[in-house]
Amino acid sequence: MVRTRFAPSPTGYLHLGGLRTALYTYLFAKKNGGRFILRIEDTDQEREVEGAVELIYKSLRQAGLLYDEGPDVGGEYGPYIQTQRKDLYLPYALRLVESGAAYPCFCTKEQLAQRREAAEAEMQGQWKYDKHCLHLPKEEALRRMQSGEPCVIRQNVPLTGTASFEDALYGHVEAPCDTLDDNVLIKADGLPTYNFANVIDDHLMGITHVMRGTEYLSSTPKYNLLYQAFGWETPTYIHLSPVMKDASRKLSKRYGDPSFEDLLAQGYVRDAIINFIALLGWSPGDEREFFSLPELVEAFDLKGLSKAPAIFNTEKLVWFNHEYISRMPLDQYVEMATPWFDKALAGKPMDYRFLSTLMHTRTEVFDRVPDMVRFLAELPEYDIDIYTHKKMKTDPEVSLNALRLARPALAQLPDFAEETVKECLMDLAAQNELKTGQVMWPVRIAISGQASTPGGATEIAYLLGQAETLRRMDLGIQKLEAAQA
RNA sequence: GGCUCCAUGGUCAAGCGGUUAAGACGUCGCCCUCUCAAGGCGAAAUCAGGGGUUCGAUUCCCCUUGGAGCUGCCA
């Protein structure tokens with residue numbers, strides 16, 4: 001039975017790189033009929049951010065990545081929060097001390113800093129812990145530990161040989177032991193470090209496949225030494241390349257890069273984000289590019305994972321979002337767009353459903369909607385230059401003429417349905433031997449004040465209503481007359 | 001500095017010894033059109049460099065270059 005886990009530390013928002021790791025981890029489990037587990041790695045109490053755990057739960061649910069086991073859903077392997085498991089790590093560490101794979105260390109941080117400084121001044125090489133406390137007599141070490149003297153437990157990495165592991169993506173990875181440091185396994189506060197907790201918990205929770213970022217790639221050989229010391233079978237490792245902001249920077253919340261929550265708030269739709277992120281570092285191997293979450297589960301395969309970092313490209317996300325919005329039913333669009341319409345049109349009665357038919361295929365991201373429709377609430381200031389359009393064969397003079405013709409025609413319409421307005425203006429053009437555009441363009445400019453608008457003159461006229469349309473046309477006529485004089 | 005890893009257009013990427021080196025986003029044309037979108041058609045644009053191996057390298061090996069990660073009582 002495949003068991004995978006997503007193991008974030010609660011230090012803030014779920015960023016997009018984390019979301020992608022969670023997604024792949026979820027997909028792999030589901031694809032193989034396995035279980036997806038959430039574990040919170042909060043052993044660094046200092047970095048923990050208030051509310052971050054809840055945010056992780058929330059984001060994962062919003063993303064549709066439902067975990068089978070986790071802190072807030074339970075499971076047979078709990079607890080799923082490391083600080084709630086704090087007492088079970090030490091006995092394992094002691095087992096390693098017993099076998100010689102680890103040892104207690106009483107060096108203080110200050111002592112270490114001193115020795116490090118001294119060592120680095122001499123040789124240009126990097127400081128490694130000097131195994132000072134490894135050579136303490138066992139009885140003395142034991143006595144000092146029992147007396148309550150603060151200490152840590154360090155991994156005893158061999159001085160010679162190599163450590164290695166097999167990665168499902170990167171293949172054989174090995175490192176010379178003499179370049180590896182004796183990492184702290186149990187901190188002075190009694191809590192394990194990531195280095196240790198991840199090994200213990202993955203084993204105890206029966207994790208079969210570990211998917212995590214490549215930042216762990218170079219330390220994994222060392223973790224394998226731990227597995228060997230315990231005589232445990234290692235999980236299958238699948239390290240995932242990072243998501244980058246640009247060629248040399250990782251995506252990071254700190255730098256103002258959006259989190260999953262941010263994107264949702266900006267008006268990106270959930271499925272578009274998931275779809276896009278899935279394809280950042282993974283390819284189905286064929287030319288499909290639209291995937292629902294269940295379709296991703298079906299299509300997911302380790303073979304499609306990329307080893308190279310992928311740059312997060314907002315333009316493609318925007319495109320995906322636009323596609324997803326265009327494909328959603330109109331009813332759903334109306335529902336999602338309404339708060340954004342309200343933002344620009346609050347107070348003005350408006351046929352939102354009709355407006356939605358215009359905006360539906362023109363919306364890239366919802367937060368761009370208010371600016372696109374604001375002209376409906378209030379006629380913007382505009383320059384009469386925009387009455388001039390070469391292709392439409394219009395200029396201020398033609399426009400003034402068209403508006404003078406159109407104004408009374410529209411004024412006497414008994415109803416102001418879009419179709420009616422259109423018929424009226426088309427007839428008007430034909431009767432006066434004008435090109436359609438020579439009427440439509442000036443009218444649209446007069447009633448919108450913008451060179452480009454979602455929808456055409458007749459649609460905007462309908463949305464505005466007869467009175468407001470006529471009012472704006474009068475304003476246009478005045479403006480053009482003033483310019484002519 | 002040491003160690004580990006990575007390298008196909010601007011971006012995501014297919015390719016797994018012989019291809020006209022897919023596809024998508026973006027860009028640029030043209031068409032359609034009452035503007036803008038959408039849609040249709042088309043174009044430009046990639047194997048980082050140098051050595052090998054091979055009849056033949058984008059593909060395998062080495063070096064160089066570039067980039068990333070690790071080198072914490074952070075994860």
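Protein chains get the first letters and strands the later ones, always in sequence-line order, with residue 1 at the start of each.
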_Sugar-phosphate, base or nothing in reach of Glu289(A), heavy atoms under 4.0 Å_ = sugar-phosphate
*Grab the CG-C1' distance between Leu279(A) and G23(B) for me, whole Å please.*
11 Å
*Rounded to whole angstroms, how far apart are CG on Asn313(A) and C1' on G9(B)?*
13 Å
*Rounded to the nearest Å, what distance is computed from the CD1 atom of residue Ile277(A) to the C1' atom of nucleotide A13(B)?*
16 Å
_Checking contacts here: which listed nucleotide (G23(B), C5(B), A24(B)) is nearest the side-chain heavy atoms of Val173(A)?_
C5(B)
_Measure NZ/Lys245(A) against P/U11(B) and give the value in whole Å, please._
16 Å
*Between Gln155(A) (side chain) and Val157(A) (backbone), is there a donor-acceptor pair under 3.5 Å?*
no
_Pairing check on U19(B): which nucleotide meets the Watson-Crick or G-U wobble criteria with it, both distances under 3.5 Å?_
none
*Between Glu418(A) and Lys422(A), does at least one N-O distance fall below 4.0 Å, as a salt bridge requires?*
no
*asked:* Does anything in residues 273-290 of chain A form a salt bridge (charged side-chain N to carboxylate O under 4.0 Å, His left out)? List the pairs, not counting sequence neighbours.
replied: Asp286(A)-Arg288(A), Glu289(A)-Lys316(A)
*What integer number of Å spans the C1' atoms of A75(B) and C36(B)?*
48 Å
*Between Arg39(A) and Glu41(A), is there a salt bridge with N-O shorter than 4.0 Å?*
yes
*Given the P atoms of U59(B) and A45(B), what is the spacing between them in whole Å?*
22 Å
*asked:* Need the pair for C3(B). Rule: Watson-Crick or G-U wobble, both distances under 3.5 Å, any strand; none if unpaired.
replied: G69(B)
*Are Tyr333(A) and Trp340(A) close enough, and set up right, to give a ring pair (Phe, Tyr, Trp, His ring centres under 6.0 Å), and what steps lead you there?*
CA-CA 11 Å; Tyr333(A) 181 85; Trp340(A) 299 95; over 10 Å; no
*C1' gap between C60(B) and G26(B), integer Å*: 35 Å
*Answer with yes or no whether Lys316(A) presents, from its side chain, a donor or acceptor under 3.5 Å of a partner atom in the base of A24(B).*
yes
*asked:* For the C1' atoms, the ones on C25(B) and on U33(B), what distance do you get once it is rounded to whole angstrom?
replied: 25 Å
*Trp319(A) CH2 to U27(B) C1', straight-line distance once rounded to whole Å*: 16 Å
*asked:* What's the gap between A44(B) and C6(B) when it is taken at their C1' atoms, as a whole Å value?
replied: 29 Å
_For the CG atom of Asp395(A) and the CG atom of Asp385(A), what is their distance to the nearest 0.5 Å?_
11.5 Å
*Whole-Å C1' distance, U58(B) and G49(B)*: 14 Å
*In Å, rounded to the nearest 0.5 Å, how long is the span from CD1 of Ile447(A) to CG of Leu376(A)?*
9.0 Å
*asked:* Measuring only the P atom in each nucleotide, how far is A7(B) from A14(B)? A whole number of Å is fine.
replied: 11 Å
_Spacing between Leu169(A) atom CG and U4(B) atom P, to the nearest angstrom_ = 19 Å
_Students often get this wrong, so: under 4.0 angstrom with heavy atoms, is Pro221(A) touching a base, only sugar-phosphate, or nothing?_
nothing
*Hey, could you give me the OH/CD1 distance between Tyr80(A) and Ile37(A), rounded to the nearest 0.5 Å?*
6.0 Å
_Nucleotide paired to A75(B) in any strand shown, Watson-Crick or G-U, under 3.5 Å_ = none
_Base-pairing assignment for U59(B) (Watson-Crick or G-U wobble, both under 3.5 Å)_ = none
*From Leu16(A) CG over to Phe260(A) CZ, what is the distance, rounded to the nearest 0.5 angstrom?*
8.5 Å
*Approximate separation, where rounding is to 0.5 Å, of Leu470(A) CG and Phe416(A) CZ*: 5.5 Å
*Separation between the P atoms of G29(B) and G15(B), rounded to whole Å*: 34 Å
*Asp181(A)/Lys128(A) salt bridge by N-O under 4.0 Å criterion*: no
*Calculate the interatomic distance between Met372(A) atom CE and A38(B) atom C1'; express it in whole Å.*
12 Å
_For A43(B), give the paired nucleotide (Watson-Crick: N1-N3 plus N6-O4 or O6-N4; G-U: N1-O2 and O6-N3; both under 3.5 Å), or none._
U27(B)
*Nucleotide opposite A13(B) in a Watson-Crick or G-U pair, distances under 3.5 Å*: none
_Pairing check on U33(B): which nucleotide meets the Watson-Crick or G-U wobble criteria with it, both distances under 3.5 Å?_
none
_By nearest heavy atom, map Lys303(A) and Ala308(A) onto RNA chain B; which one lands nearer the 5' end?_
Ala308(A)
Output one line per pair: protein atom, nucleotide atom from nucleotides 33-37 of chain B, and distance, for all N/O pairs under 3.5 Å.
residue: U33(B); atom: O4; partner: Lys391(A); partner atom: NZ; Å: 2.8
residue: C34(B); atom: O2; partner: Ala457(A); partner atom: N; Å: 3.0
residue: C34(B); atom: N4; partner: Thr458(A); partner atom: OG1; Å: 3.1
residue: U35(B); atom: O4'; partner: Arg444(A); partner atom: NH2; Å: 3.4
residue: U35(B); atom: O2'; partner: Ala451(A); partner atom: O; Å: 3.0
residue: U35(B); atom: O2; partner: Arg444(A); partner atom: NH1; Å: 3.2
residue: U35(B); atom: O2; partner: Thr453(A); partner atom: N; Å: 2.8
residue: U35(B); atom: O2; partner: Thr453(A); partner atom: O; Å: 3.1
residue: U35(B); atom: O2; partner: Thr453(A); partner atom: OG1; Å: 3.4
residue: U35(B); atom: N3; partner: Thr453(A); partner atom: O; Å: 2.8
residue: U35(B); atom: N3; partner: Gly455(A); partner atom: O; Å: 2.8
residue: U35(B); atom: O4; partner: Gly455(A); partner atom: N; Å: 3.2
residue: U35(B); atom: O4; partner: Gly455(A); partner atom: O; Å: 2.5
residue: U35(B); atom: O4; partner: Gly456(A); partner atom: N; Å: 2.9
residue: C36(B); atom: O2; partner: Arg362(A); partner atom: NH1; Å: 2.7
residue: C36(B); atom: O2; partner: Thr453(A); partner atom: O; Å: 3.3
residue: C36(B); atom: N3; partner: Arg362(A); partner atom: NH1; Å: 2.1

*Whole-Å distance separating the CG atom of Leu251(A) from the C1' atom of C12(B)*: 14 Å
*Indicate for each nucleotide in nucleotides 60-75 of chain B, in 5' to 3' sequence, whether protein heavy atoms under 4.0 Å reach the base (B), only the sugar-phosphate (S), or nothing (-).*
-------SSBSSSBBB
*Can you say whether the rings of Tyr129(A) and Trp127(A) are parallel (under 30°), tilted (30 to 60°) or perpendicular (over 60°)?*
perpendicular
